[in-house]
Chemist: 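Here you go, one structure.
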There are 2 protein chains.
Amino acid sequence: MSMKSKSTSELKASIHRVEEICKSNKLGLTEIRKQVFEIIVKNNIPIKAYEILDKISNINNKPSHPPTVYRAIDFLIENGFVHKLNSINSFVGCFHPNAHKECYFLICKKCNIYQECCDDSLKDRISKTAIHNNFVISNTTLEIEGHCLDCSQK
Amino acid sequence: MSMKSKSTSELKASIHRVEEICKSNKLGLTEIRKQVFEIIVKNNIPIKAYEILDKISNINNKPSHPPTVYRAIDFLIENGFVHKLNSINSFVGCFHPNAHKECYFLICKKCNIYQECCDDSLKDRISKTAIHNNFVISNTTLEIEGHCLDCSQK
DNA sequence: TAATATATGTTATGTTATAACATTGTAATG
DNA sequence: CATTACAATGTTATAACATAACATATATTA
C-alpha cells in the first residue's frame, strides 16, 4: 500500500459519509464543525490546531479563536471522524469512521504523509498484551514514525 | 504482572545501572541529569516536566528554569534511560535500558500507574505491519490507556 | 595556557490547549 | 405564544508545555 494522498473523489466521499452519519445519528454537524472537518481531510498531511485556526479565519473573513477550533476537533474526535496524532500534536481525518474506534498510524517524517494501518492481527496482538497484563483498554495510541517507500528510496 | 510501584531496591538498582552505563560509555551524567533521572524513577507514576522543575528547584534551594529540565530530559531520552508518554505529556523511567530502544506502555487512567509491556510478539507484529506497508520505522509510540486490575475491580 | 567542546544559566518567547463566562440560536414544553 | 432549557458559539484571558538565543561556566585536550 502506498502513502499517496487522497483523490478528490475520496475526499468528497469522506465528507459525504460524515454528513450521512451525522444525519442518521442526529449529531449536529454545524457549519464550523463541517469546515474544520473539511480542512482536516483536505490537508493530505497531519494538520495542527493553529493551522486550522488560520484557515477558518480566512474562510470566514474574520478572526476565530482557539476554543472554536478545539471544540470542533473534540466533536469530530468523539464521533470518530478525526484522530489526534499525539506524537506530533496534529490531527488527521479518518477514512473509515465507525469501522473501529481506534486507529493506528504510519507517519512519514520526511513527506509527512500518513497512512492508517489498523489490521486485525495488530489489534489482536495489542488486545492480547492487555489481557496478559490484566488490563482493560479504553484507548490506544499507536504511531509508527519513519520513512515511507518513496522517501526511503530517495 | 501487576502494576504495583517499584521497590526501593529496584529504584537503587535502576539508578546504579544508569551510572554504570554512563561510566562505561563516557556519557556525562552530571549532577542535574542525575537529579532529574532520580526524580523521574522515584515517582512511581508518570511525571510532567514542570513537576520535575519544582522538585529540582526545591532540592537545590534555588529556582531552576524550563530549559535546564528539558535538556536533562533530552539527554536521558537520547540514551534510553527515560521515555516520554506523548498521550499525557509525561515522562517515565526505563527499567531495562539498552534492552531495546522502543518501549510500549500500559497506563492506568485511574491510579496513573504505568507498566512497560514490550514483549517480542508485539514488537514483531508492529514490525510486520511496517514491512507490509513498505515502511521503515524510526520510532514507535504505543501507549495503551485504560484500567489496571486493581482499578477495574474497584 | 589557549583553544575547543560540553554543559548550564538566563531571559524571553513560541506553541498548544483550556477555563470561565457571555451571547446566540433552536427545540421542547406548558 | 411565551418560557424554559439546552446546545453551540463568541470572547477574553490564561494555563500548560516547550524551545530559541545568547551569556557564562566548566571540563578536555592540543
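When reading the values below, keep in mind they use all heavy atoms of this one structure, side chains included, and skip hydrogens, waters and symmetry mates. Keep in mind that what you see is a predicted model, and the values were worked out from it rather than measured.
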Chemist: Do any side-chain nitrogens or oxygens of B:Y70 fall under 4.0 Å of OP1 or OP2 in D:dT19?
Modeler: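 Negative; the distance criterion is not met.
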
Chemist: What is the separation between atom CG on A:N89 and atom P on D:dT19, rounded to the nearest whole Å?
Modeler: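 Rounded to whole Å, this separation is 10 Å.
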
Chemist: Would you indicate what B:R33 reaches in the nucleic acid, counting non-hydrogen atoms under 4.0 angstrom: base, sugar-phosphate, or nothing?
Modeler: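 If one applies the 4.0 Å heavy-atom cut-off, B:R33 turns out to touch the sugar-phosphate alone, with no base involved.
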
Chemist: Ignoring the backbone of A:P67, work out which of C:dT10, D:dT19, D:dT11 is nearest its side chain.
Modeler: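 My answer, after comparing the listed nucleotides, is D:dT11.
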
Chemist: Would you kindly give the CG-to-P distance between B:D54 and D:dC17, to the nearest whole Å?
Modeler: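 To the nearest whole Å, that distance equals 11 Å.
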
Chemist: Checking all strands, does A:K26 fall into the base, sugar-phosphate, or nothing category for heavy-atom contacts under 4.0 angstrom?
Modeler: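 Answer is nothing: A:K26 stays at 4.0 Å or more from every strand.
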
Chemist: Would you mind reading off the distance between B:I77 atom CD1 and D:dA18 atom C1', rounded to a whole angstrom?
Modeler: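 Computing the B:I77:CD1 to D:dA18:C1' distance gives 12 Å.
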
Chemist: Quick check for you: among C:dT10, D:dG10, D:dA18, whose closest atom lies nearest to any side-chain atom of B:K84?
Modeler: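 Of the options given, the side chain of B:K84 lies nearest D:dA18.
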
Chemist: Would one find a side-chain N or O of A:T68 under 4.0 angstrom from OP1 or OP2 of D:dG10?
Modeler: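 Answer yes for this pair, as a side-chain N or O of A:T68 is under 4.0 Å from OP1 or OP2.
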
Chemist: D:dT9 phosphate, OP1 or OP2: any side-chain N/O from A:K62 under 4.0 angstrom?
Modeler: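 No, outside the criterion.
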
Chemist: Measure the distance from CZ on A:R71 to P on C:dA22 and round it to the nearest whole Å.
Modeler: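 About 14 Å, once rounded to whole Å.
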
Chemist: Distance to the ring centre below 6.0 angstrom and angle to the axis at most 45 degrees; does that hold for A:K123 and A:Y104?
Modeler: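 The answer is no; the distance or angle limit is not met.
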
Chemist: Distance check needed: C:dT26 P versus A:E31 CD, whole Å only.
Modeler: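 One finds 13 Å between P of C:dT26 and CD of A:E31, rounded.
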
Chemist: Rounded to the nearest Å, what distance is computed from the NZ atom of residue B:K34 to the C1' atom of nucleotide C:dT8?
Modeler: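 In whole Å, C:dT8 C1' lies 18 Å from B:K34 NZ.
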
Chemist: Rounded to the Å, how far apart are A:I32 CD1 and D:dA7 C1'?
Modeler: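 The distance from CD1 of A:I32 to C1' of D:dA7 comes to 13 Å, rounded to the nearest Å.
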
Chemist: Do you see a donor-acceptor pair shorter than 3.5 Å between the side chains of B:K55 and B:N60?
Modeler: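 No, because no side-chain N or O of B:K55 sits under 3.5 Å from a partner of the opposite role on B:N60.
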
Chemist: Compute whether any side-chain donor of one residue and acceptor of the other, for A:T141 and A:N86, lie under 3.5 angstrom apart.
Modeler: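 Yes - a donor-acceptor pair under 3.5 Å links their side chains.
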
Chemist: Examine the side chains of A:K48 and A:N43 and answer whether a donor and an acceptor come within less than 3.5 Å of each other.
Modeler: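 Absent: no donor and acceptor within the cut-off.
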
Chemist: On the nucleotide C:dT16, are OP1 or OP2 found under 4.0 Å from the side-chain N or O atoms that A:K48 carries?
Modeler: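 Yes, within the criterion.
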
Chemist: Check this one for me: any side-chain N or O of A:T30 less than 4.0 Å away from OP1 or OP2 of D:dA8?
Modeler: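 For D:dA8, neither OP1 nor OP2 has a side-chain N or O of A:T30 closer than 4.0 Å.
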
Chemist: What does B:Y50 touch in the nucleic acid at a heavy-atom separation under 4.0 angstrom: a base, only the sugar-phosphate, or nothing?
Modeler: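 Since a base atom lies under 4.0 Å of B:Y50, the category is base.
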
Chemist: Using whole Å, report how far CG of A:D74 lies from P of D:dA7.
Modeler: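 Computing the A:D74:CG to D:dA7:P distance gives 16 Å.
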
Chemist: Between A:E143 and A:S87, does any side-chain donor sit less than 3.5 Å from a side-chain acceptor?
Modeler: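 There is such a pair between these side chains.
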
